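Naming convention: chains lettered A, B, ... in sequence-line order (proteins, then strands); numbering from 1 in each chain. Computed from a predicted model, the values in this text were never measured in an experiment.
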Amino acid sequence: MFRLEIGSYVERVIDWMTIHWAGFFGAIREGLSAVIGWFGWLFLHIPFVLFVVLLVLLAWRVAGKGVAVFTAVGLLIIRSMNLWTQTMQTLSMITTATLIALLIGIPLGIWMSRSEKANDIIRPILDFMQTMPAFVYLIPAVYFFDLGEVPGTVATVIFAMPPVVRLTNLGIRQVPKDVIEASRAFGATGNQMLFKVQIPLAMPTILAGLNQTIMLSLSMVVISSMIGAKGLGIPVLNGITQLKVGEGFEGGLAVVILAMVLDRITQGLGRFRERKDARKHSSK
Amino acid sequence: MPKLEVKALSKVFGQNPEKILSLLERGENKKSVLKKTGHSVGVNHAAFQVEEGEIFVVMGLSGSGKSTLIRCLNLLIRPTAGEVLIDGENIVTCTRDRLLEIRRKKVAMVFQNFALLPHRSVESNVAFGLELQGVPQEDRLQKARNAIELVGLKGYENSLPAQLSGGMQQRVGLARALATDPDILLMDEAFSALDPLIRKEMQDELLSLQDRMHKTIIFITHDLDEALKLGNRIAIMKDGVIVQIGTPEEILTSPADDYVREFVQDVNRVKVVTASTIMKNPDPVAFAKDGLRVAVRKMREASISSIFVLDKDRHVKGLLTIDSAIELLKDNRTDMDSVLNRDILSVGPDTSIEELLPLVINSKYPLVVVDEEKKMIGFIVKVSVLAGIIGEGA
């Protein structure tokens, strides 16, 4: 049997990119680092009490009393474990990663929904992004972006973006044919169709994609910490490498609490929109 | 100029539709084309004209191509060949911008399953067409509210479609189509998804709206009763071909082929066939100025026992029977006015058999059919009403 030297090809490509695209990667590093830093600064400068109050109010409004109580208790537990700073660092990373995933993912999903060719090309790439073990592209990410939050965020975007692409595509494709036909019959242009019909009708599905993307970014927290990202991954990593079971558990618990709070709130967002519509229309 | 004219319109679905056209020219039909080439013929050389203010119904069973045909009229489906002329302008060859303009202002459509935007209120659904045109918000909401009132949905402006019944949702669909004040309404099985009672109500409503608005309406249906009720003219489609175009009565009384004949077999003719179809020619008639003897001679020549007597304007004066004429002659009198039977009922040519029945049963004499100027154009005897009901040509 002959051997395909895929590994060495990849190495050569990566080396070449590291040298020749250094400026490009440098710019991305600076940009991402600034965004993550800004969110980190923001989250850490909001007083703990105010942060809790704001998040609880949001939870109450979109997801109800139960989630609000859970949010308050959960955040207090995190605080009492002395993990508040790390939680805010993680939050700023996943916020950045999620924003970038949406910024790239929604247009990609729209494109896929409109072109079979784009659909055929992008689909296997999404499979690749989701199933290739994250450790594999963590190393090139370090080559390109150095250690720290930035390669972690890039790896997180790669891993967490596919759901929002897929679900945007799915949501738009699921818009009933007759509604599309009616819009065309009344003279809608392509853009009018997209913004007035397809995206509004696909919104619940797109929001489900957002929720998935946030959950997946949280699952990358510990892996990111292996390449020097600060945040909740550090105590977990310490737990593993230094056999500090307690510290590891506390870090893990904080991740779970953060995940559940964000999950309930983003899920509530979808239902909240419907309730709001119904209220608006029945009150008049 | 007709409002809408369709010339040699064909639509073939498949890999290589243009190629199939020559097969159709040679007289191949939907079935043989499908068998030989795997192409599906939607519409095969359709041609018709619709006049302004007319309700033109296209009727056919599923698969007859009627839905494809109506979608070719606003180019939701692009025909493979042929022309669609709206006010003389061929929309198949016009620019994209012009097509948008026509869809926005001239032609509106109502859909079988309503096709409303579920996330928008009734008001905002109705204003949708105007919104696409870029009409300012205040203006379009005003027009939308007018259209909503027109279809009888006042008070539901802020409801969501899902909160309304099927019939009400289709009223929203109708209001949405009317809000842009189009010349032409395309209605694709618009009432087929509704319960029979609601459907009847919507049909009546459409007819009464049409009395006020005089739109040009193309109405697609698979329901013959609906076609007969709504249509000024009806086109019957089968396998993509229009097999007959005619008024409801023409379709019923002289079906073009066995397919149409079979179709109309079970129709309730009583509602559709009118006096003008079953009436007999008023020949012979007597004129008052010609006098009694001429009248008697005419009766003898035609071997009939009574005759209508008209004045010089062909207005009916009465019915002269042979018996009373002979009585008069015996007395050597000729003033036939004195013996005419004057309790003759007259009806218009559009009176349906349903309305004629009670009249003809209670009347001793034949009914007279008169035109708008009260001139006699025919008469109806009991037996012609019966013949009309069972479909034997009068």
Side-chain angles (χ1 to χ4, degrees), chain A residues 62 106 109-110 113-117 167-168 170-210 267-284, chain B residues 67 70-71 73-77 96-134 155-164 172-173 176-177 179-180 182 185-189 193:
Chain A
V62 305
I106 290 180
I110 292 171
S113 73
R114 307 189 127 197
S115 149
E116 286 310 315
K117 200 170 262 173
L167 286 168
T168 302
L170 179 73
I172 291 181
R173 281 175 188 264
Q174 278 177 340
V175 173
K177 288 278 169 292
D178 58 346
V179 176
I180 299 290
E181 198 173 44
S183 311
R184 283 181 63 209
F186 282 96
T189 61
N191 280 340
Q192 286 177 326
M193 179 87 79
L194 184 63
F195 291 110
K196 291 180 189 292
V197 179
Q198 290 173 310
I199 291 184
L201 289 187
M203 198 43 95
T205 315
I206 296 177
L207 284 177
L210 166 71
Q267 268 187 18
L269 218 56
R271 289 194 295 269
F272 176 65
R273 283 180 64 252
E274 283 163 29
R275 281 205 312 273
K276 197 176 68 180
D277 281 350
R279 249 204 321 274
K280 189 171 83 195
H281 295 300
S282 59
S283 67
K284 284 187 196 172
Chain B
S67 288
I70 200 174
R71 280 166 177 71
L73 302 183
N74 61 355
L75 255 55
L76 284 179
I77 293 178
R96 222 184 72 95
D97 286 347
R98 180 67 190 141
L99 178 62
L100 280 186
E101 182 85 7
I102 287 170
R103 284 178 179 168
R104 286 176 179 181
K105 299 196 169 156
K106 266 196 171 172
V107 184
M109 198 161 176
V110 182
F111 294 84
Q112 178 171 10
N113 295 312
F114 325 135
L116 302 174
L117 295 170
H119 63 294
R120 289 177 169 225
S121 66
V122 166
E123 190 174 67
S124 149
N125 261 293
V126 173
F128 184 62
L130 296 162
E131 183 182 332
L132 295 177
Q133 290 178 26
Y156 291 94
E157 288 85 352
N158 295 304
S159 304
L160 285 176
Q163 297 167 328
L164 304 180
V172 179
R176 174 174 65 177
T180 56
L185 275 184
L186 305 177
M187 305 188 70
D188 179 26
E189 302 243 14

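- Of the two parts of B/Leu99, neither the backbone nor the side chain holds a non-hydrogen atom closer than 4.5 Å to a non-hydrogen atom of chain A.
- The heavy-atom pair separating A/Gln192 from B/Leu132 by the smallest distance is NE2-O, 3.0 Å.
- Both the backbone and the side chain of B/Arg176 come within contact range of chain A, judged by heavy atoms closer than 4.5 Å.
- Of all non-hydrogen atoms in A/Arg184 and B/Leu75, the two that sit nearest each other are NH2-O, 3.8 Å.
- Neither the backbone nor the side chain of B/Val110 comes within contact range of chain A, judged by heavy atoms closer than 4.5 Å.
- Nearest approach of B/Arg104 to A/Gly187, heavy atoms of both residues: NE-O, 2.7 Å.
- Considering NE2 of B/His119 and CD1 of A/Ile199, their distance stands at 11.0 Å, rounded to 0.5 Å.
- Of the two parts of B/Asn74, only the side chain, counted from C-beta on, holds a non-hydrogen atom closer than 4.5 Å to a non-hydrogen atom of chain A.
- Contact residues of residues 173-181 of chain A toward chain B are A/Asp178, A/Val179, A/Glu181 (heavy-atom distance under 4.5 Å).
- Side chains of B/Arg120 and A/Lys196 form a contact here, defined as non-hydrogen atoms less than 4.5 Å apart.
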